[in-house]
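One structure below.
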Amino acid sequence: MTANELVKVSVQAADDKRAEDIVVLDVQGISLVADYFMICHGNSEKQVEAIARELKDRAQESGLDIKRLEGLDQSRWVLIDLGDVLVHVFHKDDRSYYNLEKLWGDAPTLNVASMLA
């Protein structure tokens, strides 16, 4: 599966669990860690956990190894390392505090709406 396909699967999985404000940053050439960062949030710990579990399940159904999954126990900021794609699922209150979009502000964003069509 290509990185672009992985991004699309991740966006769709998050959307299926009603993740809000899904943003995908193209960090190729900016970050050595991954090619894309996907950032979204849920409005409660339960929703954050549901989004993260759906992402994990979809990745495994696609035959992908999850390199690392952290933060699920508290469900305030869950990080899912899918290799070329790092997914950040925040609790709404914590997303604005960490403000990753500003931190990686020089990265172009992908059109998420086109991935949901």
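Note that this is a predicted model, so its numbers are computed, not measured.
Contact annotation: the side chain of E20 approaches that of N43 to within less than 4.5 Å [non-hydrogen atoms, C-beta and beyond]. Side chains of L82 and S10 form a contact here, defined as non-hydrogen atoms less than 4.5 Å apart. Using a 4.5 Å heavy-atom threshold, the side chains of R58 and Q12 count as touching. The shortest side-chain heavy-atom distance between F90 and C40 does not fall under the 4.5 Å cut-off.
A donor-acceptor pair under 3.5 Å links the side-chain atoms of Q47 to the main chain of K17, judged by distance alone. Checking side-chain atoms of E54 against main-chain N and O of I51 turns up no donor-acceptor pair under 3.5 Å. For the pair D65 (side chain) and K67 (backbone), a donor-acceptor distance under 3.5 Å is absent.
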*asked:* Could you go through L110 and Y36, starting from their C-alpha distance and side-chain angles, then the distance that decides it, and tell me whether this counts as side-chain contact (heavy atoms from CB on, under 4.5 Å)?
replied: CA-CA 9 Å; L110 300 184; Y36 298 99; 3.6 Å; yes
*Check step by step if side-chain contact (heavy atoms from CB on, under 4.5 Å) holds for V23 and T109.*
CA-CA 7 Å; V23 174; T109 58; 4.2 Å; yes
*Run the side-chain contact (heavy atoms from CB on, under 4.5 Å) check on R53 and L72 step by step: do they pass?*
CA-CA 9 Å; R53 289 192 186 282; L72 197 57; 3.7 Å; yes
*Does the side-chain contact (heavy atoms from CB on, under 4.5 Å) test come out yes or no for L79 and L86, once each step is laid out?*
CA-CA 7 Å; L79 175 68; L86 278 180; 4.1 Å; yes
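Both V85 and L64 are part of a single hydrophobic cluster, where members link through side-chain heavy atoms under 4.5 Å apart. By the rule that hydrophobic residues join a cluster once side-chain heavy atoms approach within less than 4.5 Å of another member, I66 and V48 end up as members of one cluster. With hydrophobic clusters built from ILVMFWY side chains whose heavy atoms lie under 4.5 angstrom apart, V33 does not share a cluster with L69. Note: the hydrophobic cluster containing V89 also contains L6 (ILVMFWY, side chain heavy atoms under 4.5 Å, direct or indirect links). Cluster membership check: F37 does not share its hydrophobic cluster with V112, using side-chain heavy-atom separations under 4.5 Å among Ile, Leu, Val, Met, Phe, Trp and Tyr.
Salt-bridge formation is detected for the pair R76/E45: a Lys NZ or Arg NE/NH1/NH2 atom is positioned less than 4.0 Å from an Asp or Glu carboxylate oxygen. Taking the charged nitrogens against the carboxylate oxygens, D21 and R95 do have a contact shorter than 4.0 Å, which makes a salt bridge.
Taken to the nearest 0.5 Å, the CD atom of E5 stands 12.0 Å off from the CE atom of M115. A distance of 9.0 Å separates CG in L116 from CG in N111, rounded to the nearest 0.5 Å. Interatomic distance, CG of N4 versus CG of D84, reported as 9.5 Å (0.5 Å rounding). Atom CG of L55 sits about 4.5 Å away from atom CD1 of I80, to the nearest 0.5 Å.
Closest approach of I30 and P108 over heavy atoms only: CD1-CD, 4.5 Å. Pairing each heavy atom of L100 with each of L25, the nearest pair is O-CD1, 4.4 Å. Between G71 and V78, the shortest heavy-atom distance links the atoms O-CG2, 3.6 Å. D15 and I22 get closest at one heavy-atom pair: N-CD1, 3.9 Å.
A donor-acceptor pair shorter than 3.5 Å cannot be found between the side chains of H91 and W77.
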